[in-house]
Amino acid sequence: MGIGTKVARLWQLRTILWTLVVRDLRVRYARSWLGYLWTVLDPLAMAAIYFVVFAFIFDRGDIGHRPYFIFLLVGLLAWQWVSGSVNSTALAILSEAKLVRSTNLPREIWVLRIVIAKGIEFLLSLPILVGFSVYYLVKGQLHLNARLLFFPLGVVLLFVFLVGAGLLLAPVTALVTDTQRVVRILLRMGFYFTPVIYAVHHVPEPWRSAMWVNPLAGITELLRAGFFDAPLDTASVVGAVVVTVVTLGAGIATFARLERAVLKEI
Amino acid sequence: MTAVIRTEGLGIEFYRSRKRKLSLREMLYRGGASHDRGTFWALRNISLEVAQGEAVGLLGPNGCGKSTLLKMIAGVLIPDEGSVTVSQGVAPLIELTGGFLGELTARENIYLTAGLHGLSRDAIDERFDAIVDFAGPQVRAALDTPFRHFSSGMQVRLGFSVITTLDDPILLVDEVLAVGDRAFKEKCYRRMGQLLAEGRTLFLVSHNEKDLTRFCTRGLYLRSGELAADGPIREVLAQYNADWTGAE
(Lines give C-alpha, C1' and ligand atoms only; values in the text may rest on other atoms or scores of the structure.)
Protein backbone atom coordinates (compact mmCIF):
# COMPACT_ATOMS: atom_id res chain seq x y z
CA MET A 1 0.00 0.00 0.00
CA GLY A 2 1.35 3.41 -0.88
CA ILE A 3 1.51 6.23 1.63
CA GLY A 4 -1.30 8.08 -0.09
CA THR A 5 -3.75 5.20 0.18
CA LYS A 6 -2.69 4.59 3.78
CA VAL A 7 -3.44 8.17 4.73
CA ALA A 8 -6.75 8.04 2.88
CA ARG A 9 -7.68 4.84 4.68
CA LEU A 10 -6.75 6.31 8.05
CA TRP A 11 -8.92 9.31 7.26
CA GLN A 12 -11.81 6.96 6.45
CA LEU A 13 -11.29 5.32 9.79
CA ARG A 14 -11.18 8.54 11.77
CA THR A 15 -14.23 7.61 13.83
CA ILE A 16 -12.53 4.37 14.84
CA LEU A 17 -9.38 6.30 15.62
CA TRP A 18 -11.43 8.63 17.76
CA THR A 19 -13.05 5.65 19.50
CA LEU A 20 -9.57 4.40 20.39
CA VAL A 21 -8.45 7.78 21.66
CA VAL A 22 -11.53 8.09 23.85
CA ARG A 23 -10.91 4.58 25.10
CA ASP A 24 -7.36 5.50 26.08
CA LEU A 25 -8.47 8.57 27.94
CA ARG A 26 -11.33 6.71 29.57
CA VAL A 27 -9.07 3.92 30.79
CA ARG A 28 -6.69 6.48 32.18
CA TYR A 29 -9.39 8.25 34.10
CA ALA A 30 -11.63 5.25 34.90
CA ARG A 31 -9.71 4.21 37.96
CA SER A 32 -8.96 7.47 39.67
CA TRP A 33 -11.21 10.42 40.19
CA LEU A 34 -8.12 12.51 40.43
CA GLY A 35 -7.25 11.55 36.85
CA TYR A 36 -7.16 15.07 35.48
CA LEU A 37 -5.34 16.37 38.50
CA TRP A 38 -2.52 13.90 37.91
CA THR A 39 -1.98 15.19 34.38
CA VAL A 40 -1.31 18.67 35.68
CA LEU A 41 0.16 17.83 39.07
CA ASP A 42 3.19 16.09 37.64
CA PRO A 43 4.55 18.95 35.49
CA LEU A 44 3.49 21.43 38.16
CA ALA A 45 5.49 19.60 40.82
CA MET A 46 8.49 19.34 38.53
CA ALA A 47 8.27 23.03 37.67
CA ALA A 48 8.15 23.86 41.37
CA ILE A 49 11.19 21.69 42.09
CA TYR A 50 13.33 23.16 39.30
CA PHE A 51 12.17 26.64 40.19
CA VAL A 52 13.27 26.22 43.80
CA VAL A 53 16.54 24.57 42.87
CA PHE A 54 17.63 27.02 40.17
CA ALA A 55 15.98 30.28 41.09
CA PHE A 56 16.55 30.07 44.84
CA ILE A 57 19.27 27.61 45.76
CA PHE A 58 21.60 28.28 42.81
CA ASP A 59 20.20 31.77 42.39
CA ARG A 60 20.35 31.34 38.63
CA GLY A 61 16.95 32.60 37.49
CA ASP A 62 18.75 33.76 34.35
CA ILE A 63 19.35 30.34 32.77
CA GLY A 64 16.02 30.61 31.02
CA HIS A 65 13.95 33.66 30.34
CA ARG A 66 12.06 35.58 33.01
CA PRO A 67 9.66 34.77 34.55
CA TYR A 68 11.52 31.51 34.94
CA PHE A 69 8.46 29.65 36.22
CA ILE A 70 6.56 30.26 32.96
CA PHE A 71 9.69 29.31 31.04
CA LEU A 72 9.86 26.00 32.93
CA LEU A 73 6.17 25.29 32.66
CA VAL A 74 6.06 25.54 28.84
CA GLY A 75 9.03 23.20 28.56
CA LEU A 76 7.80 20.70 31.12
CA LEU A 77 4.25 20.46 29.74
CA ALA A 78 5.68 19.76 26.28
CA TRP A 79 8.19 17.33 27.74
CA GLN A 80 5.42 15.43 29.48
CA TRP A 81 3.78 14.90 26.09
CA VAL A 82 7.11 13.75 24.66
CA SER A 83 7.99 11.28 27.40
CA GLY A 84 4.46 9.93 27.74
CA SER A 85 4.13 9.49 24.03
CA VAL A 86 7.55 7.94 23.42
CA ASN A 87 7.23 5.52 26.34
CA SER A 88 3.77 4.38 25.27
CA THR A 89 4.28 4.29 21.51
CA ALA A 90 7.33 2.08 22.02
CA LEU A 91 4.87 -0.42 23.50
CA ALA A 92 2.03 0.48 21.13
CA ILE A 93 1.88 -2.88 19.41
CA LEU A 94 3.00 -5.13 22.25
CA SER A 95 0.56 -3.77 24.79
CA GLU A 96 -2.38 -4.12 22.40
CA ALA A 97 -1.26 -7.42 20.89
CA LYS A 98 -4.69 -8.98 21.34
CA LEU A 99 -6.42 -6.13 19.55
CA VAL A 100 -3.84 -5.97 16.79
CA ARG A 101 -4.31 -9.69 16.22
CA SER A 102 -8.07 -9.48 16.04
CA THR A 103 -8.78 -6.40 13.97
CA ASN A 104 -7.82 -5.61 10.43
CA LEU A 105 -7.02 -1.92 10.70
CA PRO A 106 -4.02 -0.13 9.23
CA ARG A 107 -1.52 -0.92 11.96
CA GLU A 108 -0.21 2.67 12.11
CA ILE A 109 -3.42 3.47 13.95
CA TRP A 110 -2.05 1.91 17.15
CA VAL A 111 0.76 4.45 17.24
CA LEU A 112 -1.31 7.37 16.08
CA ARG A 113 -3.96 6.96 18.71
CA ILE A 114 -1.42 7.16 21.54
CA VAL A 115 0.19 10.32 20.22
CA ILE A 116 -3.26 11.87 19.84
CA ALA A 117 -4.42 10.80 23.30
CA LYS A 118 -1.26 12.17 24.92
CA GLY A 119 -1.64 15.30 22.81
CA ILE A 120 -5.14 15.81 24.16
CA GLU A 121 -3.79 15.46 27.68
CA PHE A 122 -1.23 18.11 26.77
CA LEU A 123 -3.95 20.46 25.54
CA LEU A 124 -5.97 19.75 28.67
CA SER A 125 -3.01 20.74 30.80
CA LEU A 126 -2.66 24.13 29.09
CA PRO A 127 -5.15 25.91 31.40
CA ILE A 128 -2.42 25.69 34.05
CA LEU A 129 -0.13 27.66 31.77
CA VAL A 130 -2.90 30.17 31.06
CA GLY A 131 -3.56 30.52 34.80
CA PHE A 132 0.06 31.26 35.69
CA SER A 133 0.43 33.55 32.67
CA VAL A 134 -2.48 35.63 33.91
CA TYR A 135 -0.87 35.75 37.36
CA TYR A 136 2.44 37.03 35.99
CA LEU A 137 0.68 39.40 33.57
CA VAL A 138 -1.17 40.97 36.47
CA LYS A 139 2.08 41.26 38.39
CA GLY A 140 3.51 42.97 35.32
CA GLN A 141 6.39 40.52 34.93
CA LEU A 142 5.17 38.88 31.72
CA HIS A 143 4.62 40.51 28.34
CA LEU A 144 3.01 38.44 25.62
CA ASN A 145 3.76 39.17 21.97
CA ALA A 146 2.40 38.29 18.54
CA ARG A 147 4.72 35.32 18.22
CA LEU A 148 2.20 33.48 20.37
CA LEU A 149 0.98 32.37 16.93
CA PHE A 150 4.05 30.12 16.75
CA PHE A 151 2.65 28.07 19.61
CA PRO A 152 0.19 26.02 17.51
CA LEU A 153 2.95 25.62 14.93
CA GLY A 154 5.18 24.10 17.58
CA VAL A 155 2.35 21.79 18.66
CA VAL A 156 1.85 20.53 15.10
CA LEU A 157 5.58 20.01 14.63
CA LEU A 158 5.83 18.13 17.93
CA PHE A 159 2.86 15.96 16.95
CA VAL A 160 4.45 15.02 13.63
CA PHE A 161 7.78 14.30 15.29
CA LEU A 162 6.17 12.06 17.94
CA VAL A 163 4.23 10.13 15.28
CA GLY A 164 7.48 9.54 13.39
CA ALA A 165 9.33 8.45 16.52
CA GLY A 166 6.46 6.16 17.49
CA LEU A 167 6.30 4.50 14.07
CA LEU A 168 10.04 3.92 14.38
CA LEU A 169 9.97 2.52 17.91
CA ALA A 170 6.79 0.43 18.02
CA PRO A 171 7.82 -2.32 15.56
CA VAL A 172 11.40 -2.39 16.82
CA THR A 173 10.24 -2.91 20.41
CA ALA A 174 7.90 -5.67 19.30
CA LEU A 175 10.84 -7.52 17.75
CA VAL A 176 13.62 -6.67 20.19
CA THR A 177 12.22 -6.67 23.69
CA ASP A 178 14.83 -4.66 25.54
CA THR A 179 14.45 -1.65 23.26
CA GLN A 180 12.12 -0.45 26.00
CA ARG A 181 14.94 -0.13 28.53
CA VAL A 182 17.14 1.66 26.03
CA VAL A 183 14.30 4.07 25.29
CA ARG A 184 13.90 4.83 28.97
CA ILE A 185 17.57 5.72 29.35
CA LEU A 186 17.62 7.78 26.16
CA LEU A 187 14.56 9.69 27.32
CA ARG A 188 16.24 10.56 30.60
CA MET A 189 19.30 11.82 28.73
CA GLY A 190 17.06 13.55 26.22
CA PHE A 191 15.49 15.62 28.97
CA TYR A 192 18.81 17.32 29.72
CA PHE A 193 19.71 17.52 26.05
CA THR A 194 16.49 19.44 25.47
CA PRO A 195 16.21 23.09 26.49
CA VAL A 196 13.59 22.51 29.18
CA ILE A 197 15.36 23.98 32.19
CA TYR A 198 17.73 26.19 30.19
CA ALA A 199 17.44 28.19 26.95
CA VAL A 200 19.27 27.31 23.74
CA HIS A 201 21.38 30.48 23.84
CA HIS A 202 22.94 29.41 27.16
CA VAL A 203 24.64 26.48 25.51
CA PRO A 204 28.30 27.35 24.73
CA GLU A 205 29.02 27.58 21.03
CA PRO A 206 30.59 24.39 19.75
CA TRP A 207 27.74 22.54 21.47
CA ARG A 208 24.96 24.88 20.50
CA SER A 209 25.15 23.70 16.90
CA ALA A 210 24.74 20.14 18.14
CA MET A 211 21.37 21.14 19.60
CA TRP A 212 20.02 21.54 16.09
CA VAL A 213 19.79 17.79 15.64
CA ASN A 214 17.34 17.72 18.54
CA PRO A 215 14.03 18.87 17.07
CA LEU A 216 12.75 19.54 20.57
CA ALA A 217 15.15 22.48 20.82
CA GLY A 218 13.48 24.25 17.91
CA ILE A 219 10.02 23.19 19.01
CA THR A 220 10.41 24.57 22.52
CA GLU A 221 11.73 27.78 20.92
CA LEU A 222 8.48 28.04 18.93
CA LEU A 223 6.32 27.27 21.95
CA ARG A 224 8.04 29.90 24.07
CA ALA A 225 8.42 32.64 21.47
CA GLY A 226 5.15 34.37 22.35
CA PHE A 227 5.91 34.54 26.07
CA PHE A 228 9.35 36.10 25.96
CA ASP A 229 10.91 38.87 23.93
CA ALA A 230 14.24 37.12 23.42
CA PRO A 231 15.13 36.66 19.72
CA LEU A 232 14.11 33.37 18.14
CA ASP A 233 16.93 30.89 17.57
CA THR A 234 16.08 30.38 13.89
CA ALA A 235 18.77 27.78 13.25
CA SER A 236 17.29 25.39 15.79
CA VAL A 237 13.79 25.92 14.33
CA VAL A 238 15.02 25.04 10.84
CA GLY A 239 16.83 22.05 12.30
CA ALA A 240 13.62 20.97 14.02
CA VAL A 241 11.62 21.06 10.79
CA VAL A 242 14.23 19.07 8.90
CA VAL A 243 14.74 16.45 11.61
CA THR A 244 10.98 16.10 12.10
CA VAL A 245 10.36 15.42 8.43
CA VAL A 246 13.27 12.95 8.30
CA THR A 247 11.99 11.17 11.43
CA LEU A 248 8.51 10.83 9.99
CA GLY A 249 9.90 9.43 6.74
CA ALA A 250 12.13 6.98 8.59
CA GLY A 251 9.23 5.99 10.82
CA ILE A 252 6.86 5.29 7.95
CA ALA A 253 9.50 3.29 6.08
CA THR A 254 10.57 1.26 9.14
CA PHE A 255 7.01 0.50 10.11
CA ALA A 256 6.11 -0.71 6.62
CA ARG A 257 9.24 -2.84 6.44
CA LEU A 258 8.84 -4.54 9.81
CA GLU A 259 5.04 -4.87 9.90
CA ARG A 260 5.00 -8.36 8.39
CA ALA A 261 7.56 -9.71 10.85
CA VAL A 262 5.88 -8.04 13.80
CA LEU A 263 2.50 -9.62 13.02
CA LYS A 264 4.10 -13.05 13.09
CA GLU A 265 5.75 -12.39 16.44
CA ILE A 266 2.89 -11.03 18.50
CA MET B 1 -21.66 -16.21 -8.36
CA THR B 2 -18.68 -13.98 -7.79
CA ALA B 3 -15.77 -14.91 -5.59
CA VAL B 4 -15.61 -12.91 -2.36
CA ILE B 5 -12.38 -14.53 -1.19
CA ARG B 6 -9.61 -15.34 -3.61
CA THR B 7 -6.12 -16.49 -2.76
CA GLU B 8 -3.38 -17.02 -5.28
CA GLY B 9 -0.24 -18.98 -4.50
CA LEU B 10 -0.54 -17.96 -0.89
CA GLY B 11 2.41 -18.72 1.35
CA ILE B 12 3.77 -17.64 4.71
CA GLU B 13 7.06 -18.45 6.34
CA PHE B 14 7.74 -18.69 10.08
CA TYR B 15 10.86 -19.07 12.16
CA ARG B 16 11.27 -22.57 13.40
CA SER B 17 12.90 -21.71 16.70
CA ARG B 18 10.54 -21.50 19.60
CA LYS B 19 12.25 -18.54 21.10
CA ARG B 20 11.14 -15.92 18.69
CA LYS B 21 11.81 -12.65 20.38
CA LEU B 22 15.42 -11.62 20.37
CA SER B 23 17.05 -9.83 23.20
CA LEU B 24 19.54 -7.13 22.42
CA ARG B 25 22.38 -9.34 23.60
CA GLU B 26 21.43 -12.02 21.10
CA MET B 27 21.30 -9.50 18.32
CA LEU B 28 24.75 -8.18 19.12
CA TYR B 29 26.36 -11.58 19.51
CA ARG B 30 24.66 -13.42 16.75
CA GLY B 31 27.24 -16.21 16.70
CA GLY B 32 25.21 -18.20 14.24
CA ALA B 33 25.13 -21.30 16.41
CA SER B 34 23.46 -19.58 19.35
CA HIS B 35 20.28 -18.98 17.48
CA ASP B 36 18.45 -21.25 15.09
CA ARG B 37 17.56 -19.10 12.12
CA GLY B 38 15.80 -21.90 10.29
CA THR B 39 12.43 -21.16 8.77
CA PHE B 40 9.56 -23.24 7.50
CA TRP B 41 6.56 -22.57 5.34
CA ALA B 42 3.41 -22.75 7.47
CA LEU B 43 1.37 -22.53 4.29
CA ARG B 44 2.40 -22.62 0.68
CA ASN B 45 0.79 -22.56 -2.75
CA ILE B 46 -2.72 -22.11 -1.47
CA SER B 47 -4.96 -21.03 -4.34
CA LEU B 48 -8.68 -21.04 -3.82
CA GLU B 49 -11.85 -19.10 -4.45
CA VAL B 50 -14.87 -18.83 -2.24
CA ALA B 51 -18.12 -17.53 -3.63
CA GLN B 52 -20.64 -15.41 -1.78
CA GLY B 53 -22.89 -17.45 0.50
CA GLU B 54 -20.67 -20.50 0.54
CA ALA B 55 -20.09 -22.32 3.81
CA VAL B 56 -16.60 -23.69 3.90
CA GLY B 57 -15.21 -26.02 6.54
CA LEU B 58 -11.48 -26.02 7.12
CA LEU B 59 -10.03 -29.23 8.49
CA GLY B 60 -6.69 -30.80 9.13
CA PRO B 61 -4.49 -31.93 12.00
CA ASN B 62 -3.11 -29.52 14.59
CA GLY B 63 -0.45 -27.22 13.24
CA CYS B 64 -1.35 -27.65 9.59
CA GLY B 65 -2.00 -23.94 9.14
CA LYS B 66 -5.77 -23.64 9.53
CA SER B 67 -5.68 -20.68 11.87
CA THR B 68 -2.89 -19.09 9.89
CA LEU B 69 -5.00 -19.23 6.74
CA LEU B 70 -7.95 -17.72 8.58
CA LYS B 71 -5.77 -14.92 9.92
CA MET B 72 -4.49 -14.08 6.46
CA ILE B 73 -8.04 -13.89 5.16
CA ALA B 74 -8.92 -11.69 8.12
CA GLY B 75 -5.96 -9.48 7.21
CA VAL B 76 -4.18 -9.80 10.55
CA LEU B 77 -1.23 -11.64 9.01
CA ILE B 78 0.49 -10.57 5.80
CA PRO B 79 1.53 -13.34 3.36
CA ASP B 80 5.16 -13.65 2.27
CA GLU B 81 4.15 -15.07 -1.12
CA GLY B 82 1.12 -14.76 -3.34
CA SER B 83 -1.95 -12.71 -2.48
CA VAL B 84 -5.29 -12.73 -0.71
CA THR B 85 -8.13 -10.65 -2.05
CA VAL B 86 -11.19 -10.26 0.12
CA SER B 87 -13.84 -8.09 -1.46
CA GLN B 88 -16.23 -7.79 1.47
CA GLY B 89 -16.02 -7.00 5.16
CA VAL B 90 -14.91 -9.74 7.50
CA ALA B 91 -16.23 -10.46 11.00
CA PRO B 92 -13.49 -12.50 12.63
CA LEU B 93 -14.49 -14.80 15.47
CA ILE B 94 -10.87 -15.59 16.10
CA GLU B 95 -9.99 -13.86 19.33
CA LEU B 96 -13.42 -13.06 20.58
CA THR B 97 -12.51 -10.94 23.55
CA GLY B 98 -9.52 -9.34 21.84
CA GLY B 99 -11.00 -5.87 21.81
CA PHE B 100 -12.35 -5.97 25.35
CA LEU B 101 -10.68 -4.11 28.17
CA GLY B 102 -10.77 -5.42 31.71
CA GLU B 103 -11.00 -2.03 33.37
CA LEU B 104 -14.05 -0.83 31.48
CA THR B 105 -17.60 -1.95 32.10
CA ALA B 106 -19.35 -4.40 29.80
CA ARG B 107 -21.50 -1.57 28.47
CA GLU B 108 -18.50 0.56 27.51
CA ASN B 109 -16.80 -2.49 26.03
CA ILE B 110 -19.77 -3.24 23.77
CA TYR B 111 -19.66 0.28 22.35
CA LEU B 112 -15.91 0.23 21.94
CA THR B 113 -15.62 -3.18 20.30
CA ALA B 114 -18.55 -2.73 17.97
CA GLY B 115 -17.20 0.74 17.15
CA LEU B 116 -13.77 -0.69 16.42
CA HIS B 117 -15.36 -3.01 13.90
CA GLY B 118 -16.96 -0.07 12.18
CA LEU B 119 -20.46 0.14 13.66
CA SER B 120 -21.74 3.66 14.21
CA ARG B 121 -22.97 4.77 17.61
CA ASP B 122 -26.58 4.90 16.43
CA ALA B 123 -26.34 1.39 15.02
CA ILE B 124 -24.99 0.14 18.33
CA ASP B 125 -27.75 1.92 20.27
CA GLU B 126 -30.24 0.13 18.08
CA ARG B 127 -28.69 -3.30 18.57
CA PHE B 128 -27.58 -2.91 22.15
CA ASP B 129 -30.51 -4.80 23.64
CA ALA B 130 -30.25 -7.61 21.14
CA ILE B 131 -26.56 -7.99 21.93
CA VAL B 132 -27.14 -8.16 25.67
CA ASP B 133 -30.15 -10.47 25.31
CA PHE B 134 -28.13 -12.90 23.31
CA ALA B 135 -25.29 -12.87 25.84
CA GLY B 136 -27.78 -13.92 28.51
CA PRO B 137 -29.33 -12.65 31.76
CA GLN B 138 -26.07 -13.05 33.71
CA VAL B 139 -24.40 -10.52 31.44
CA ARG B 140 -27.37 -8.18 31.57
CA ALA B 141 -27.24 -8.17 35.36
CA ALA B 142 -23.55 -7.24 35.25
CA LEU B 143 -23.63 -4.61 32.51
CA ASP B 144 -22.02 -1.96 34.66
CA THR B 145 -19.40 -4.13 36.32
CA PRO B 146 -15.83 -4.04 35.01
CA PHE B 147 -15.29 -6.66 32.35
CA ARG B 148 -12.47 -8.35 34.27
CA HIS B 149 -14.95 -9.52 36.90
CA PHE B 150 -16.78 -11.59 34.28
CA SER B 151 -16.32 -15.35 34.21
CA SER B 152 -14.55 -16.58 31.10
CA GLY B 153 -17.83 -18.08 29.87
CA MET B 154 -19.59 -14.74 30.18
CA GLN B 155 -16.73 -12.99 28.42
CA VAL B 156 -16.90 -15.34 25.46
CA ARG B 157 -20.68 -15.10 25.27
CA LEU B 158 -20.54 -11.33 25.11
CA GLY B 159 -17.74 -11.45 22.56
CA PHE B 160 -19.64 -13.83 20.30
CA SER B 161 -22.76 -11.77 20.65
CA VAL B 162 -21.03 -8.53 19.64
CA ILE B 163 -19.11 -9.93 16.68
CA THR B 164 -22.09 -11.78 15.20
CA THR B 165 -24.14 -8.59 15.35
CA LEU B 166 -21.80 -6.91 12.89
CA ASP B 167 -22.97 -6.49 9.32
CA ASP B 168 -19.87 -7.93 7.71
CA PRO B 169 -20.89 -10.50 5.08
CA ILE B 170 -17.98 -12.87 5.73
CA LEU B 171 -17.77 -14.79 9.00
CA LEU B 172 -14.55 -16.45 10.08
CA VAL B 173 -15.00 -18.87 12.96
CA ASP B 174 -11.99 -20.45 14.64
CA GLU B 175 -13.04 -23.14 17.08
CA VAL B 176 -14.49 -20.53 19.38
CA LEU B 177 -17.49 -22.72 19.99
CA ALA B 178 -15.39 -25.09 22.07
CA VAL B 179 -16.02 -22.85 25.06
CA GLY B 180 -19.37 -22.00 26.60
CA ASP B 181 -21.90 -24.41 28.02
CA ARG B 182 -24.14 -26.65 25.97
CA ALA B 183 -27.15 -24.34 25.99
CA PHE B 184 -25.10 -21.42 24.76
CA LYS B 185 -23.43 -23.55 22.14
CA GLU B 186 -26.83 -24.48 20.76
CA LYS B 187 -27.77 -20.81 20.72
CA CYS B 188 -24.59 -19.99 18.81
CA TYR B 189 -25.38 -22.70 16.27
CA ARG B 190 -28.81 -21.28 15.69
CA ARG B 191 -27.33 -17.81 15.23
CA MET B 192 -24.80 -19.13 12.74
CA GLY B 193 -27.50 -20.98 10.83
CA GLN B 194 -29.52 -17.81 10.72
CA LEU B 195 -26.58 -15.78 9.41
CA LEU B 196 -25.94 -18.40 6.74
CA ALA B 197 -29.58 -18.27 5.70
CA GLU B 198 -29.16 -14.51 5.24
CA GLY B 199 -26.58 -15.27 2.59
CA ARG B 200 -23.40 -14.67 4.55
CA THR B 201 -20.22 -16.46 3.69
CA LEU B 202 -18.84 -18.75 6.39
CA PHE B 203 -15.36 -20.05 7.01
CA LEU B 204 -15.37 -22.55 9.86
CA VAL B 205 -12.40 -24.20 11.50
CA SER B 206 -13.38 -27.22 13.54
CA HIS B 207 -12.37 -30.69 14.58
CA ASN B 208 -15.94 -31.63 15.18
CA GLU B 209 -17.39 -33.63 12.31
CA LYS B 210 -20.95 -32.91 13.38
CA ASP B 211 -20.41 -29.15 13.32
CA LEU B 212 -18.75 -29.33 9.95
CA THR B 213 -21.49 -31.33 8.27
CA ARG B 214 -24.17 -29.27 9.96
CA PHE B 215 -23.04 -25.97 8.48
CA CYS B 216 -20.64 -26.56 5.64
CA THR B 217 -21.22 -27.68 2.11
CA ARG B 218 -17.64 -27.46 1.01
CA GLY B 219 -14.54 -28.77 2.70
CA LEU B 220 -10.91 -27.72 2.53
CA TYR B 221 -8.34 -30.14 3.88
CA LEU B 222 -4.97 -28.72 4.84
CA ARG B 223 -2.07 -31.10 5.32
CA SER B 224 1.32 -29.73 6.45
CA GLY B 225 0.75 -26.38 4.89
CA GLU B 226 -0.67 -27.54 1.60
CA LEU B 227 -4.16 -27.84 0.27
CA ALA B 228 -4.68 -31.60 0.15
CA ALA B 229 -8.33 -31.64 -0.88
CA ASP B 230 -11.09 -29.23 -1.86
CA GLY B 231 -14.58 -30.56 -2.52
CA PRO B 232 -17.95 -31.44 -1.00
CA ILE B 233 -17.60 -31.59 2.78
CA ARG B 234 -18.48 -35.28 3.12
CA GLU B 235 -15.92 -36.40 0.57
CA VAL B 236 -13.21 -34.26 2.09
CA LEU B 237 -14.07 -35.54 5.54
CA ALA B 238 -13.88 -39.11 4.26
CA GLN B 239 -10.44 -38.44 2.83
CA TYR B 240 -9.28 -36.79 6.03
CA ASN B 241 -10.51 -39.74 8.07
CA ALA B 242 -8.84 -42.19 5.71
CA ASP B 243 -5.53 -40.37 6.07
CA TRP B 244 -5.90 -40.28 9.80
CA THR B 245 -6.61 -44.02 10.16
CA GLY B 246 -3.77 -44.74 7.77
CA ALA B 247 -1.35 -42.85 9.95
CA GLU B 248 -2.18 -44.82 13.04
The interface call for A:Val262 against chain B, heavy-atom contacts under 4.5 Å, is neither
So, the part of A:Arg181 with a heavy atom under 4.5 Å from chain B: the answer is neither
> Would you say A:Leu99 and B:Leu116 make side-chain contact, with heavy atoms under 4.5 Å?
Replying inline: yes
- Compare all side-chain heavy atoms of B:Ile78 with those of A:Leu263 and state whether any distance is below 4.5 angstrom. yes
Q. Is the number of heavy atoms from other residues, nucleotides or ligands within 6.0 Å of CZ (A:Arg188) greater than 12?
A. no
Only residue of A:Asn104, A:Leu105, A:Thr103 satisfying side-chain contact (heavy atoms from CB on, under 4.5 Å) with B:His117 is A:Thr103
Okay, B:Pro146 and chain A: the region with an atom under 4.5 Å from a heavy atom over there is neither
The interface call for B:Leu101 against chain A, heavy-atom contacts under 4.5 Å, is side chain
| query | Any donor and acceptor pair, going by atom type alone, linking the side chain of A:Lys264 with main-chain N or O of B:Glu13 inside 3.5 Å? | reply | yes
Residue pairs meeting salt bridge (Lys or Arg N to Asp or Glu O under 4.0 Å), one or both in residues 80-103 of chain A, sequence neighbours left out, come to A:Arg23-A:Glu96, A:Glu96-A:Arg113, A:Arg101-B:Glu95
Can you give each donor-acceptor pair under 3.5 Å made by side-chain atoms of residues 11-22 of chain A, sequence neighbours left out, with the distance rounded to 0.1 Å?
unit_1: A:Arg14; atom_1: NH1; unit_2: A:Trp11; atom_2: O; d: 2.8
unit_1: A:Thr19; atom_1: OG1; unit_2: A:Thr15; atom_2: O; d: 2.8

When every non-hydrogen atom of A:Ser102 is compared with those of B:Pro92, the smallest separation belongs to O-CG, 3.6 Å
